[in-house]
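Remember, it's 1-based here, ligands and their atoms both numbered in the order they're listed.
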Amino acid sequence: MDYISTRDNNNIVSSSFAIAHGISKEGGLFLPKEAPKLTEDDFNIMRKLSYVDRAKYVFKYFLTDFSDEEITNCVKGAYIGTFDNDLPAPISKLGDNMNILELWHGPTCAFKDLALQILPYLLTTSAKKISNGKKSVILVATSGDTGKAALEGFKDVEGTEMVVFYPENGVSDMQKLQMASQEGSNVHVCAIKGNFDDAQTAVKKIFTDNEFKKILADNNMEFSSANSINWGRLCPQIVYYISAYLDMLNSGENLENGFNVCVPTGNFGNILAAYYAKMMGVPIKKLICASNRNKVLTDFINTGIYNKNRDFYLTSSPSMDILISSNLERLLYILAEGDDKYISSIQEELSSCGKYTVKEEIKNKIQNEFYGGFCDDSETSDTIKKIFDDFGYLIDTHTAVAVNVYNKYISETGDNKPTLIASTASPYKFAGSVLEALGQNQNADKFEVLDELSKLTSTDIPSPIAKLKNAKVRFKNVYSKDDMYDAVKSSLGLM
Ligand SMILES: *Cc1c(COP(=O)(O)O)cnc(C)c1O
């Protein structure tokens, strides 16, 4: 299968090239030239398989320059022994129509693990194929969960070096501690003064900086990316939507008229994976895109105008505090039927004016496929309480945004098809906000909060979070965004 850049149709590469490089040289994102189609037979075969074998099955379509043995190694390494009960993506059913896809049973308790447990395997396998032994330097900008999941995935992975940037005041206490206490000889963590978009923009700039690339080349290194722009992040996410479909079929859910998917969205990676599953033949109807108060995507879906020139809010769902949703570029490329010039021009507008308007026909296509909605922190909080009161089921702030918007969608449309709701983090990762939503005050220290939440809800604290109690803080530096270039250099021992 060939991969192509969203900004240059002549830039055609292999899957290993796309994964090893992360981003194309002209700043575009790689995507498969065409989405593979799964048949009824494929689904019937996969219904009987384990998650690991379903993942292998799907990867074979996308990673055509990997051998079967390489794919097997990657998938087994990533998904055996790393998730609770070796079930990376179980479903809990609430009421008649809500299927909660729990994507937080991995080592860092957020859905990013599904991709970042396997990315190091995909990346090192890819790098071996194409870059003759160069060390991969991975820069990550994170709004909280990516950073920790990437660090866990890549710690002490030979041939890799990782630098993670997170906004000093834009992540939860628990997320900060998770990252600042990270172990591993090849990982570096830097807090920055600024928000996630500042971090992401600076990382992209460093990434495409020719002078910096030359310095790396002289030291037998090259950049790669673990951010959700890397195809190696997106591909594993497609698997769990296909797998969830098969699990719902197996549990007797009536899917004759298809089902909807609702995703709490930031960078547009997770929901794009669901769209890929749909293109591949999974009978997904509406894709419900849920945002918090940073509702740039809601506005975009409703108006066709993407405008990041607006106030930025810190919310109780910090992993979605994002105004530049990078993966949207892939969707627009697909909907513009591969018009690379058009994509280049609107992305150019975005970086120069912070804004673009899509053509009417693209807007119509988007509105056919997607519904956009948002909620604020107090609605998020009410939703956590309501779901706990109604079902005795605890959800985190991000999942609550999704559930809230799902309810808005139903009351607007009356569409009561079965719905798969992506649950993206353990409630214990955002224990303070969750406890407050349940009516407890929040002034205890962050570990007492965990115990209180556990007692109040009779649920267990996930062990990766419980063991942070004894973690030692290792990374304390805070950088201004103008110092990020130097921070990377010094982390790599290049100055
Ligand atoms: C990253 C993240 C999101 C947003 O996912 P995108 O793929 O960036 O849209 C939502 N919830 C949680 C908990 C996350 O960590």
Side-chain angles (χ1 to χ4, degrees), residues 29 100-116 119 140-153 164 166-167 170-172 174-175 178-179 196-197 199-200 226-238 240-241 261-276 287-292 294-298 300-301 315-331 370 372 374-375 380 384 395-405 421-431 433-434 462 465:
L29 310 190
I100 308 286
L101 180 60
E102 296 178 355
L103 300 171
W104 39 263
H105 291 282
T108 75
C109 304
F111 90 96
K112 306 283 198 300
D113 287 329
L114 275 291
L116 282 162
L119 184 66
V140 178
T142 182
S143 56
D145 291 326
T146 300
K148 180 60 183 180
L151 290 161
E152 271 302 307
V164 170
Y166 71 88
V171 302
S172 79
M174 214 47 87
Q175 289 176 316
Q178 277 187 313
M179 287 188 279
F196 169 74
D197 291 312
Q200 177 162 262
N227 268 50
S228 69
I229 51 173
N230 192 318
W231 181 256
R233 282 280 297 279
L234 209 51
C235 191
Q237 298 186 268
I238 300 169
Y240 56 72
Y241 286 106
V261 172
C262 179
V263 184
T265 297
N267 227 351
F268 210 77
N270 201 359
I271 196 166
L272 185 69
Y275 184 68
Y276 263 94
L287 291 136
I288 302 167
C289 176
S291 299
N292 64 25
N294 296 297
K295 60 179 182 69
V296 65
L297 286 168
T298 310
F300 174 62
I301 291 168
T315 72
S316 63
S317 45
S319 302
M320 295 153 65
D321 291 346
I322 289 175
L323 293 179
I324 304 174
S325 299
S326 303
N327 268 299
L328 191 57
E329 181 169 343
R330 285 191 170 108
L331 176 72
F370 293 85
F374 77 103
C375 73
T380 303
I384 292 171
I395 53 175
D396 90 297
T397 46
H398 303 76
T399 308
V401 169
V403 171
N404 181 284
V405 171
I421 299 179
S423 177
T424 49
S426 158
Y428 283 92
K429 226 172 164 173
F430 304 93
S433 304
V434 172
I465 290 178

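- Side-chain atoms of S326 and Q200 include a donor-acceptor pair closer than 3.5 Å.
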### Message
Between T265 and M320, does the side chain to side chain contact (heavy atoms under 4.5 Å, CB included) criterion hold? Intermediate values first, please.
### Response
CA-CA 6 Å; T265 297; M320 295 153 65; 5.6 Å; no
Tabulated below should be the N or O atoms of ligand 1 paired with protein N or O atoms at under 3.5 Å; can you produce that?
| residue | atom | partner | partner atom | Å |
| --- | --- | --- | --- | --- |
| ligand 1 | 7 (O) | G269 | N | 3.2 |
| ligand 1 | 7 (O) | N270 | N | 2.9 |
| ligand 1 | 8 (O) | N267 | N | 2.7 |
| ligand 1 | 9 (O) | G266 | N | 2.7 |
| ligand 1 | 9 (O) | N267 | N | 3.2 |
| ligand 1 | 9 (O) | F268 | N | 3.1 |
| ligand 1 | 11 (N) | T424 | OG1 | 2.8 |
| ligand 1 | 15 (O) | K112 | NZ | 2.6 |
| ligand 1 | 15 (O) | D145 | OD2 | 2.5 |

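- Taking each heavy atom of I288 and I271 in turn, the nearest pair found is O-CD1, 3.7 Å.
- Ring-plane geometry between F370 and F268 is classed as tilted, the angle between the planes lying from 30 to 60 degrees on a 0 to 90 degree scale.
- Residues meeting the side chain to side chain donor-acceptor pair (under 3.5 Å) test with S317, sequence neighbours left out: N292, T315.
- Between N327 atom CG and Y275 atom OH the span is 14.0 Å, to the nearest 0.5 Å.
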